[in-house]
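Report on one structure; see the data block that follows.
Numbers restart at 1 for each chain; the letters A, B, ... are given by sequence-line order, proteins then strands. All values below come from the heavy atoms of this structure, side chains included, with hydrogens, waters and symmetry mates left out.
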There are 2 protein chains.
Amino acid sequence: MAQPSKKNHIVEVALCLFYKHGFNATGIEKIRAEAAISKKTLYNHFASKDDLILAVLRLRDVQFRRNFTRAVEHFGKTPAKRLEAVFDALEEWFNGKDFYGCMFINASGEFSDPCSPIHSISAEHKRRMYDYVMKLAKEAGAKNPQKLSQQLNLLMEGAIVQAHVSGYKLAARRAKEMAKLFINDALG
Amino acid sequence: MAQPSKKNHIVEVALCLFYKHGFNATGIEKIRAEAAISKKTLYNHFASKDDLILAVLRLRDVQFRRNFTRAVEHFGKTPAKRLEAVFDALEEWFNGKDFYGCMFINASGEFSDPCSPIHSISAEHKRRMYDYVMKLAKEAGAKNPQKLSQQLNLLMEGAIVQAHVSGYKLAARRAKEMAKLFINDALG
DNA sequence: TGTTAAGTGTACTGAACGGTTTATATTGAA
DNA sequence: TTCAATATAAACCGTTCAGTACACTTAACA
């Protein structure tokens, strides 16, 4: 197997294990075994476990936003509908077979120091989600896209937490109903 | 030192360390050292680390809700105002010196299996918060206390996540402004 | 075909993990 | 004052941790 595909494979395997079991609970040895590689190879590609975690979070950010925007475009056929579709995309995610909450919220929980690069990359992901929803708001002609995106993102976070901690997948629909008020207000 | 106070002391010390550094990242030895006790004593009071974690979460639930209701009553002098004061209480918490997000959200992130007793106790805490806000809603004469509590709790979770992951403490005020819409609608 | 880079399994490091054991000291109540 | 419970420090258990060292194999390429 060539170099980049091997590196990608390690990151993908690590992503699954870190997401399901957490970062500190997942050992390098488990990742090595699951990826069916040697430890030497792993440390040829990543300087340390933290370095691997950062690579995993960078991949997760790209993968998640790619899937998310795809779902939003699937559920919302007009710019205005896409703002609501954000919550349909959430609901689909919640009901998927491997939902363990938001990986970046989980990462921030394990690495509470806001200066830690792991915490920082989590904040960056949230910022990119904010930017994405703001773009949707602009396209829909919202009066104050920043404000609307801030509001919708807050509802999104709330839904994610309720879906994960309490298993309340319907939080996506509750959040969508709430969101309609702010969307209508911003577009009206 | 008598038995119950010693046991309490261990739980309080463990609470601080678990909250700040996470559960899997905090070793028994660190707790033992910080509490200035022997390992034997620790294992006389707790069967295992998981047992200690559960005791810590039970204490956190009681302490947190006690402080929270106190703050709500401080910021809100009428039943209707107390519904809004929930977010003033959040803001005060966010700006405190030791804020590392919601310990139960963090716990659910590290113990993703919803059947795990640690995850279950986190869901129970959220349920008690829901019950508390519903009580406030009833006292304020809300039309549909369950629905209003569900809405406010979703906003609360969203604010907590933004405050912790992104360091956006103002999320409490943003959530409060959003909450007013639902409160006014329910009380109107 | 010989060189080089990247792969492999295995063994190893020192430290930390959760948890137990032992032998001793302290302490409160009968 | 004695007894029993509970505390203590420290050594110890086997396991796992992140990370390294080594000897060997594979495969692409000049």
Side-chain angles (χ1 to χ4, degrees), chain A residues 1-58 106-107 109-113 116-119 121, chain B residues 1-58 106-107 109-113 116-119 121:
Chain A
M1 201 183 296
Q3 310 162 27
S5 85
K6 188 140 254 169
K7 183 167 183 173
N8 285 348
H9 177 240
I10 296 171
V11 177
E12 281 163 13
V13 166
L15 171 46
C16 279
L17 293 173
F18 282 144
Y19 184 41
K20 190 175 295 192
H21 302 110
F23 298 94
N24 284 305
T26 303
I28 286 289
E29 168 58 25
K30 201 172 289 174
I31 295 167
R32 186 212 61 78
E34 188 82 10
I37 50 146
S38 71
K39 237 173 177 181
K40 181 79 180 298
T41 304
L42 199 155
Y43 279 101
N44 276 348
H45 289 297
F46 305 98
S48 64
K49 186 184 180 181
D50 276 19
D51 191 33
L52 175 58
I53 292 176
L54 289 176
V56 163
L57 291 177
R58 278 189 282 264
N106 297 349
E110 287 202 57
F111 303 91
S112 278
D113 179 6
S116 134
I118 294 172
H119 197 119
I121 215 169
Chain B
M1 202 184 295
Q3 310 161 29
S5 85
K6 189 141 251 167
K7 183 167 184 176
N8 285 348
H9 177 241
I10 296 171
V11 178
E12 280 164 14
V13 167
L15 171 46
C16 280
L17 293 172
F18 283 143
Y19 184 42
K20 189 174 296 190
H21 303 110
F23 298 94
N24 283 306
T26 303
I28 286 289
E29 169 57 25
K30 201 171 290 174
I31 295 166
R32 185 212 62 78
E34 188 82 9
I37 49 144
S38 73
K39 239 173 176 182
K40 182 77 184 300
T41 303
L42 199 156
Y43 280 100
N44 276 348
H45 289 298
F46 306 98
S48 64
K49 186 184 182 181
D50 276 19
D51 192 32
L52 174 59
I53 292 176
L54 289 176
V56 163
L57 291 177
R58 278 189 282 265
N106 297 349
E110 287 202 57
F111 304 89
S112 278
D113 179 6
S116 133
I118 293 172
H119 198 118
I121 215 170

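For the pair B:Lys39 and B:Arg32, the tightest heavy-atom approach, listed with the atom from each and the gap, is N-CD, 3.7 Å. Shortest non-hydrogen contact noted between B:Glu110 and B:Asn24 is OE1-ND2, 2.9 Å. Minimum interatomic distance between A:Asn106 and B:Gly109 (heavy atoms only, all atoms of both residues): OD1-CA, 3.5 Å.
Just one of B:Ile53, B:Leu57, B:Val11 meets the side-chain contact (heavy atoms from CB on, under 4.5 Å) condition when paired with B:Phe18; it is B:Ile53.
Of the side-chain N and O atoms in A:His9, none sit less than 4.0 angstrom from OP1 or OP2 of C:dG7. Residue A:Lys40 has no polar side-chain atom (N or O) positioned under 4.0 Å from OP1 or OP2 of C:dT8. OP1 and OP2 of D:dT26 both lie 4.0 Å or more from every side-chain N or O belonging to A:Lys6. Listed pair B:Thr41 / D:dT8 meets the phosphate criterion, a side-chain N or O lying under 4.0 Å from OP1 or OP2.
Here the C1' atom of nucleotide D:dA18 and the CD1 atom of A:Ile10 are 16 Å apart, to the nearest Å. Distance B:Lys7 NZ to D:dA7 P: 11 Å, rounded to the nearest Å. As rounded to whole Å, 14 Å separates atom C1' of D:dC17 from atom CG of A:Asp50.
Counted within 6.0 Å of CD on B:Glu34, heavy atoms from surrounding residues, nucleotides or ligands total 12 or fewer; the atom is thus considered open.
Near DNA chain C, defined here as any heavy-atom distance below 4.0 Å, there are no residues from residues 23-31 of chain A.
For B:Lys39 against C:dG19, a side-chain-to-base donor-acceptor contact under 3.5 Å is present.
Residues A:Phe23 and A:Ile118 fail the side-chain proximity criterion, which asks for heavy atoms closer than 4.5 Å.
The listed nucleotides are C:dT8, D:dA7, C:dG7; the one nearest the side chain of A:His45 is C:dG7. With distances taken from any side-chain atom of A:Ser48 to the nucleotides D:dT8, C:dG7, D:dG19, the minimum falls on D:dG19.
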